[in-house]
Protein chains: 2
Amino acid sequence: MTLRHAILGLLSKWDATGYDIKKEFDDFMSIFWHSHLSQIYPELNKLEAEELVTSRLVPQEGKPDRKVYSITNGGIDEITSWVGAPPDIPKIKDSFLMQVFFMDNISADDVIFQLKYYQGVRQKRLDEMKQTVQEAWESIVERQIMTPRLLMSSAVLRRGLEQEVQYIRWCEETIALVEACKSLWDTDTSPDSVLPFNDAKELMENYYNATLALENDEA
Amino acid sequence: MTLRHAILGLLSKWDATGYDIKKEFDDFMSIFWHSHLSQIYPELNKLEAEELVTSRLVPQEGKPDRKVYSITNGGIDEITSWVGAPPDIPKIKDSFLMQVFFMDNISADDVIFQLKYYQGVRQKRLDEMKQTVQEAWESIVERQIMTPRLLMSSAVLRRGLEQEVQYIRWCEETIALVEACKSLWDTDTSPDSVLPFNDAKELMENYYNATLALENDEA
DNA sequence: TCTATCATGTAAAGGGTTACATGATTCC
DNA sequence: GGAATCATGTAACCCTTTACATGATAGA
């Protein structure tokens, strides 16, 4: 039940059509949400039936009419109370991390290939976000204004950026780790095999110590 | 269609019942996946119908029979090819970040309250993971073995930990930012109001410069 | 006594994705 | 000539969540 809040939140800032909302989802809001037009249009109808939004038709030349939605007082109450409500406990689904978890089933070279590929995917996302950050900052400087709205957007944007940067860094580290431990795959590929611990001992000791020390690092 | 791969991946390591699989989802695998028993049981039946797994009943005293599943060669082919297949593009849903995005609708104090609460939620997750890391390392040291399986688990565990550490750090930073910019909310709460840029100028300049410099930091 | 754990499921409702349907304009 | 953009939607399917259903044992 969060799509309705994504829509109401947007409409609390500007009037918009379903099509406009989808563009916003694909642009800035892709940091934390996504949806399809075929889900947005029916949801807008439901919200109108519940009188949380109203709509008016704006005719255009050579294009279909725009159905422009506005939020009602009821809609503002709904979004405000949701924003102040206890957040859901995080339910993470990261299918790439799951692939990695099962990558002992494929060769070390294939593991490295997958990690490099995914690193590239994340880098693309990062590059897009960096452009958004640049534009956001330039617009703030140009207009010489600061508002709670811009502040919260900035914080969210930063979180999105950090997430990409850190995922990319983890890919790099993991590639290095697998590269250094290739012998674990090469010498014996049967699932029951175990290798002398010494081959990877120091490396893994460092890795685990670094992992356990993560919390105490300064940013 | 990833639940089937979560299940097949697990069964490629050990035989298990639906109930066992659920426990694994709630424990280690919660870093990247989750599911309900009411989804796992029907999925296991489907996998058996497709001959990717087989099952046998193991009677118990005073408890219901265990229906223990094993993976077939077909199942191993399926999981292996999925692990080596191009990863999905990441589709992120983070409803808390969405709440934050719309928090200009509530007071600065309420924003800080929400951020502190969520920080606590993430801290709890982190504490659990830290225990898992500790146990994983102790078991590796004790058994004196290293395998691709343990290596990939370690990498995933580290990613999970990093994610929590960094989300918590972002919460702290964002709390400090809102605290420093409280005046943006206090002086005028109407959505059309804009405040003199100077109030937050230097702070935001630093914030944006830090955000843009993120990629170049060394871990 | 009540709650948690073990262990299996079904049914209904809700949320999300893909495919289908239409049709003009603009850009390559 | 073909692809992309603007703009609206419906239908079918798939995936996920919540509620219902059973029943024994162990521990607080």
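Throughout, a chain's letter reflects where its sequence line sits, starting with A, and its residues are numbered from 1. Computed from a predicted model, the values in this text were never measured in an experiment. Basis for what follows: all heavy atoms, side chains included, without hydrogens, waters or symmetry-related copies.
In this structure, S81(B) OG and N105(A) CG are separated by 11.0 Å, a value rounded to the nearest 0.5 Å. For the atom pair E78(B) CD and I71(B) CD1, the distance stands at 9.0 Å (nearest 0.5 Å). Once rounded to the nearest 0.5 Å, the distance linking CE of M1(A) with CD of E43(A) reads 7.5 Å.
Remark: L37(A), S38(A), Y41(A) in residues 25-43 of chain A come within less than 4.0 Å of DNA chain D through at least one heavy atom. Listed in residue order, the members of residues 79-94 of chain B having a heavy atom less than 4.0 Å from DNA chain C are K93(B). For DNA chain C, the residues of residues 64-72 of chain B within the heavy-atom distance limit of 4.0 Å (strictly under) are P64(B), D65(B), R66(B), K67(B), sorted by number.
Ion pair E128(B)/K124(B) not flagged as a salt bridge, since none of the NZ, NE, NH1 or NH2 atoms sits closer than 4.0 Å to an Asp/Glu carboxylate oxygen. Contact check on K130(A) versus E164(A) returns no salt bridge, with no Lys/Arg side-chain nitrogen under 4.0 Å from an Asp/Glu carboxylate oxygen.
Legend: residues meeting side-chain hydrogen bond (donor to acceptor under 3.5 Å, both in side chains) with E48(B), ordered by chain and number and at least two apart, are S55(B). In this view, Y208(B) and W137(A) satisfy the ring-ring contact (aromatic ring centres under 6.0 Å, His included) rule, not counting sequence neighbours. Looking at residues two or more places apart in sequence or on another chain, you find no ring-ring contact (aromatic ring centres under 6.0 Å, His included) involving Y41(A).
Protein chain B contacts DNA chain C from dT5(C) to dG16(C), reading 5' to 3' and using non-hydrogen atoms of the protein with a distance under 4.0 Å.
Counting non-hydrogen atoms of neighbouring residues, nucleotides and ligands closer than 6.0 angstrom, the CG atom of N73(A) reaches no more than 12 such neighbours. Other residues, nucleotides and ligands contribute over 12 non-hydrogen atoms within 6.0 Å of the NZ atom of K13(A).
For residues 90-103 of chain B, no residue pair satisfies the salt bridge (charged side-chain N to carboxylate O under 4.0 Å, His left out) rule, not counting sequence neighbours. Note on residues 70-110 of chain A: pairs passing ring-ring contact (aromatic ring centres under 6.0 Å, His included), not counting sequence neighbours, are H5(A)-W82(A), F96(A)-Y118(A), F101(A)-F28(B), F101(A)-F32(B). Sorted by first and then second residue, the salt bridge (charged side-chain N to carboxylate O under 4.0 Å, His left out) pairs with a member in residues 105-115 of chain A read D109(A)-K182(A); sequence neighbours excluded. Among residues at least two apart or in separate chains, side chain to side chain donor-acceptor pair (under 3.5 Å) pairs with a member in residues 25-34 of chain B are K22(B)-D26(B).
Rounding to whole angstrom units, CD1 of residue I7(B) and C1' of dT16(D) are separated by 13 Å. Regarding D20(A), its CG atom lies at a distance of 13 Å from the C1' atom of dT5(D), rounded to whole Å. Following rounding to the nearest Å, L57(A) (CG) and dC6(D) (P) show an atom-to-atom distance of 19 Å.
Annotation: cation-pi pair R66(B)/Y19(B) absent, no NZ/CZ under 6.0 Å from the ring centroid and within 45° of its normal.
Across its full length, the helix from dT1(C)-dA28(D) to dC28(C)-dG1(D) shows an angle of 40° between the axes of its 5 terminal pairs at either end, rounded to 10 degrees.
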